[in-house]
Chemist: 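Encoded as structure tokens, here's the structure I'll be asking about.
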Amino acid sequence: MNTIRHGMSGFHIPAYMEEILTHNYCPYFVRMTIVREGDTYRLSYRPGKYEKLDTVSLDTYRRVLLVRSIISIGEATRNYLVDPENYLIEPELVYSADNSTLAGNMRIMFYPDMKKMKFPGKLINFTERIKNNSIRDERELFSQFSEIMETGDINKGKMFLDKHLFRIENRSFNKAG
């Protein structure tokens with residue numbers, strides 16, 4: 001079994017959050033253990049069947065679905081008292097079973113966000129890192145999404161992504177039919 005280890009200091013993870021993360025109460029994080037020695041943490045992750053998501057190989061539909069899934073995961077982790085502001089949301093921290101972009105098949109590697117950036121800002125940065133700039137429609141779509149996220153309205157962003165997922169599905173269906 002692969003184990004990934006990180007060390008960090010200068011941050012405090014509340015005891016309740018350590019318990020949630022290490023007992024896998026929230027199913028959206030990679031399984032982990034946390035060892036605290038003074039103000040230093042050693043984080044060990046056991047991804048199991050999950051591997052780092054290959055965002056480069058995704059088409060536009062799957063990139064949009066990925067962002068929509070990240071929003072769903074962020075909302076779900078709040079229900080487990082782990083707000084998205086408490087952890088980094090970066091492409092290299094997203095793990096997936098079979099490179100799937102469906103929320104139920106993905107896990108986030110919990111790594112504390114010392115800056116506590118707001119969720120909409122994290123989504124803007126995430127889309128900037130995963131978008132394919134050589135595809136004009138995708139570039140424009142994520143630019144519009146970023147404008148919505150700058151307002152902080154996550155629900156409007158979800159509706160925007162859902163609308164575009166539907167449009168892409170219809171376009172694909174009409175080409176096939």
Chemist: Working to the nearest 0.5 Å, report the span between CD1 of I130 and CG of L66.
Modeler: 4.5 Å
Chemist: If only atom types and distance count, is the side chain of E138 paired as donor or acceptor with the main-chain N or O of K131 below 3.5 Å?
Modeler: no
Chemist: Let me see the working for R42 and E37 under side-chain contact (heavy atoms from CB on, under 4.5 Å), right down to the final yes or no.
Modeler: CA-CA 8 Å; R42 284 184 297 155; E37 296 170 348; 2.9 Å; yes
Chemist: State, yes or no, whether a side-chain contact exists between V94 and M106 at a heavy-atom distance under 4.5 Å.
Modeler: yes
Chemist: For side-chain contact (heavy atoms from CB on, under 4.5 Å), just list the numbers for E75 and K158, CA-CA rounded to whole Å, side-chain angles, deciding distance to a tenth of an Å, and then say yes or no.
Modeler: CA-CA 11 Å; E75 291 176 333; K158 290 190 306 189; 3.0 Å; yes
Chemist: For the residue pair F110 and F29, categorise the inter-ring angle as parallel (less than 30°), tilted (30 to 60°) or perpendicular (more than 60°).
Modeler: perpendicular
Chemist: What's the separation between atom OG1 in T127 and atom CD in Q144, rounded to the nearest 0.5 Å?
Modeler: 12.0 Å
Chemist: Is it possible for you to say whether M117 and F11 belong to one hydrophobic cluster, with membership spreading through side-chain heavy-atom contacts below 4.5 Å?
Modeler: no
Chemist: State whether the number of non-hydrogen atoms from other residues, nucleotides or ligands found under 6.0 Å of R31 atom CZ is greater than 12.
Modeler: no
Chemist: What heavy-atom pair brings F119 and I71 nearest, and what distance separates the two atoms?
Modeler: CZ-CA, 3.8 Å
Chemist: Within the distance-only criterion (no hydrogens, no angle test), does the side chain of S69 pair as donor or acceptor with the backbone N or O of A103 below 3.5 angstrom?
Modeler: yes
Chemist: Can you check side-chain contact (heavy atoms from CB on, under 4.5 Å) on N86 and M17, steps first, answer last?
Modeler: CA-CA 10 Å; N86 290 317; M17 197 179 300; 3.5 Å; yes
Chemist: Can we say K52 and E92 salt-bridge, meaning some charged N sits less than 4.0 Å from an Asp/Glu carboxylate O?
Modeler: no
Chemist: Once rounded to the nearest 0.5 Å, what's the spacing between atom CG of L21 and atom OH of Y80?
Modeler: 12.5 Å
Chemist: Have D98 and S100 got a donor and an acceptor in their side chains that come within less than 3.5 Å?
Modeler: no
Chemist: Is a donor on one side and an acceptor on the other found under 3.5 Å between the side chain of T3 and the backbone of R46?
Modeler: no
Chemist: Any link between M159 and L161 through a network of hydrophobic side chains (Ile, Leu, Val, Met, Phe, Trp, Tyr) touching at under 4.5 Å?
Modeler: no
Chemist: According to the interplanar angle, ranging from 0 to 90°, do the rings of H23 and Y25 count as parallel (below 30°), tilted (30 to 60°) or perpendicular (above 60°)?
Modeler: parallel
Chemist: With heavy-atom distances below 4.5 Å as the criterion, would you say the side chains of M8 and Y111 are in contact?
Modeler: yes
Chemist: Measure the shortest side-chain to side-chain distance between I154 and P120 over non-hydrogen atoms and say whether it is less than 4.5 angstrom.
Modeler: yes
Chemist: Is the shortest heavy-atom distance from the side chain of I108 to the side chain of I73 under 4.5 Å?
Modeler: yes
Chemist: Within a strict 4.5 Å, meaning less than it, do heavy atoms of the I4 and Y95 side chains meet?
Modeler: yes
Chemist: So, R107 versus Y50: side-chain donor-acceptor pair below 3.5 Å or not?
Modeler: yes
Chemist: Check the surroundings of atom CD in E140: do more than 12 heavy atoms from other residues, nucleotides or ligands lie under 6.0 Å from it?
Modeler: yes
Chemist: Could you tell me the separation between the CD1 atom of I13 and the CD1 atom of I20, rounded to the nearest 0.5 Å?
Modeler: 12.0 Å
Chemist: Under a 4.0 Å threshold between the charged nitrogen and the carboxylate oxygen, would E85 count as salt-bridged to K118?
Modeler: no
Chemist: How far does CG of N24 sit from OG1 of T33, to the nearest 0.5 angstrom?
Modeler: 12.0 Å
Chemist: Please report the shortest heavy-atom distance between G157 and M149, naming the atom on each side.
Modeler: CA-CE, 3.6 Å
Chemist: Is it true that V64 and F166 fall in one hydrophobic cluster, defined by side-chain heavy atoms closer than 4.5 Å?
Modeler: no
Chemist: Using modelled atom types and a 3.5 Å cut-off, is there a donor and acceptor pairing between side-chain atoms of N99 and backbone atoms of D54?
Modeler: yes
Chemist: Is the closest side-chain donor-acceptor distance between Y61 and E169 under 3.5 Å?
Modeler: yes
Chemist: For a quick test of reading the model, state the closest non-hydrogen atom pair linking G74 to P84 and the distance between them.
Modeler: O-CG, 3.4 Å
Chemist: What I want to check is whether the side chains of Y87 and T77 have a donor and an acceptor closer together than 3.5 Å.
Modeler: yes
Chemist: Is D83 salt-bridged to K116, going by a charged N under 4.0 Å from an acidic O?
Modeler: no
Chemist: Which pair of heavy atoms, one from R63 and one from V56, lies closest together, and at what distance?
Modeler: NH2-O, 3.3 Å
Chemist: Counting C-beta onward and ignoring hydrogens, is there a side-chain heavy-atom pair between I124 and F145 closer than 4.5 Å?
Modeler: no
Chemist: Decide whether M32 and L81 are clustered together by the hydrophobic rule: side chain heavy atoms of Ile, Leu, Val, Met, Phe, Trp, Tyr closer than 4.5 Å, transitively.
Modeler: yes
Chemist: Report yes if some heavy atom in the side chain of L93 is under 4.5 Å from a heavy atom in the side chain of I89; otherwise report no.
Modeler: no
Chemist: Any Lys/Arg nitrogen of E90 or K122 sitting under 4.0 Å from an Asp/Glu carboxylate oxygen of the other?
Modeler: no
Chemist: Are V35 and Y45 connected in a single hydrophobic cluster, I mean Ile/Leu/Val/Met/Phe/Trp/Tyr linked by side-chain heavy atoms less than 4.5 Å apart?
Modeler: no
Chemist: Return yes if some donor-acceptor pair links the side-chain N/O of R139 with the main-chain N/O of N133 below 3.5 Å, else return no.
Modeler: yes
Chemist: Any chance you could lay out the side-chain hydrogen bond (donor to acceptor under 3.5 Å, both in side chains) test for S72 and R68, step after step, and finish with the verdict?
Modeler: CA-CA 6 Å; S72 295; R68 183 62 178 87; 3.0 Å; yes
Chemist: Just so I know, are the side chains of Y41 and H12 near enough to count as touching, which here means a heavy-atom distance under 4.5 Å?
Modeler: yes
Chemist: Nearest 0.5 Å please: distance from the CD1 atom of I148 over to the CZ atom of F142.
Modeler: 12.0 Å
Chemist: What's the verdict on side-chain contact (heavy atoms from CB on, under 4.5 Å) for N132 and T60, showing C-alpha distance, side-chain angles and the deciding distance?
Modeler: CA-CA 8 Å; N132 184 340; T60 299; over 6 Å; no
